[in-house]
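Working notes, beginning with the structure itself.
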Amino acid sequence: MPKLPPPDPRLALLRGSVPPKRHNARTIAALTTNPGCVRRAVLDTAGIDKDALARHLEFPAPFGQSSFAITRGNAFEAQLKADGCAELLTLLRETLELDLTEVAYADLESVGDNTSEDVRNTYSEQQLAHGGENTLFDHPLLRLIVAGQSVYLEPDLVAFQHQGRFHVVEIKSFAVIDGQADPSKVAAAAIQSAVYVHALRQLLGRPEAVADEVVLVCPKDFSNRPVATKVDVRKQLLVLDHQLKRMDDVDTLLSALPAGLSLGLAPGPDGTPTRPVGELTAALGEMSARYSPDCLSHCELGFFCRDEATGCTDALGTAVREQLGGVDTVAEALQLAQGTWAGDEYQAEVAAVLRTTARVFSETA
Ligand code: SF4
């Protein structure tokens, strides 16, 4: 791993001189869900604690799995990994259509008694690079550089090597019922797996050494029987690569902001934030946001940005944003629909569609 340059001092100023919040696979995956949002890119590049920010702004966002889902997920994973991943291996044989007689199993969770991240990462790197054919690697600790900082990624991942090629295996606890799973959960698992594929490729230095298709393992129907599905993550890898490069270009992101801008919460002696909410809101307003309803499930600032976007057509979702391109507010759209405002030459086409839609609705009402 290359030696990292010192972080840009403007990032510490933006954070209010507190340590950066560390990324994990979930937060890195979330970077790709709204790549057009400058606000999110700046906050994540600076390692700002968006959850603390949202709470202080009085727009807390509930995030994370329920304890029931976590317990169920852990039990399912333990079942698959029992006896050196015996059940998982049977599934992989079927899914990847492999004729395997013997498979080695390497657990990389600790190195002797040493569980430090640096030691585990080095050991994982050695094992993955030279660990031999037909091997299941459990708990490898991968590393990525995100916005100039090292991020360790510990997947519930099993990386399976066969004939010199790795396959990322992602175990999830959401059910596949009658061959169908919740599309939003599959999409989230795909992007998280893409993070692991990306990190594994970086570690090995050979993109072709890691398959574009990951194996997603979920419980089948209402049982604990596993089912495996191959998921192509090429599209997710492209978006991820774009967003990580964008975060590396710290200078471009920061040079558009006013000098001295800070989102620090100014904690008092007891750790409680003292920064006036109005001041913080104004500081956030310096970074353009691109709210869409999806933000509520992907970004800690979702409720804040939704409130800020009230009355904007963007807040109604991507489909509406695309159909009403150039019409920024709901009030403008209504005026165009009712014919009380003609709009400018760029809005003529949208205005005609809105007037037709309004007429159809009034005739059928
Ligand atoms: S919630 Fe706000 S900051 Fe987060 S991605 Fe959406 S618009 Fe950007």
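In each ligand, atom 1 is the first atom listed, and ligand 1 is the first ligand listed.
Within ligand 1, the atoms closer than 4.0 Å to a non-hydrogen atom of Arg290 are 7 (S), numbered from 1 in the order shown. Which parts of ligand 1 touch Leu301 is read off a 4.0 Å heavy-atom cut-off, strictly below it: atoms 1 (S). Below 4.0 Å from some heavy atom of Ala289 lie the following atoms of ligand 1, by number and element: 7 (S). Applying the 4.0 Å criterion to heavy atoms of Arg39 picks out, from ligand 1, the atoms 3 (S).
For Ser292 (side chain) and Gly317 (main-chain N/O), no donor-acceptor pair under 3.5 Å exists by modelled atom type.
Protein heavy atom in closest approach to atom 6 (Fe) of ligand 1: Cys295 SG, 2.3 Å.
Residue-environment remark: NZ (Lys235) stays at or below the threshold of 12 foreign heavy atoms within 6.0 Å. Counting non-hydrogen atoms of other residues, nucleotides and ligands closer than 6.0 Å to CG of Asp251 gives a total above 12.
Taking backbone and side chain together, Cys299 holds no N, O or S atom under 2.8 Å from atom 2 (Fe) of ligand 1. With a cut-off of 2.8 Å, atom 8 (Fe) of ligand 1 has an N, O or S atom of Cys37 in range.
With a 4.0 Å cut-off on non-hydrogen atoms, Arg306 does not touch ligand 1 at all.
Arg15 is listed as a side-chain neighbour of Pro20, based on a closest heavy-atom distance under 4.5 Å.
Between Phe137 and Phe166, the ring planes are tilted. Angles from 30° to 60° get that label.
The residue among Thr33, Asn34, Val38, Leu43 with a heavy atom at the shortest distance from atom 5 (S) of ligand 1 is Asn34.
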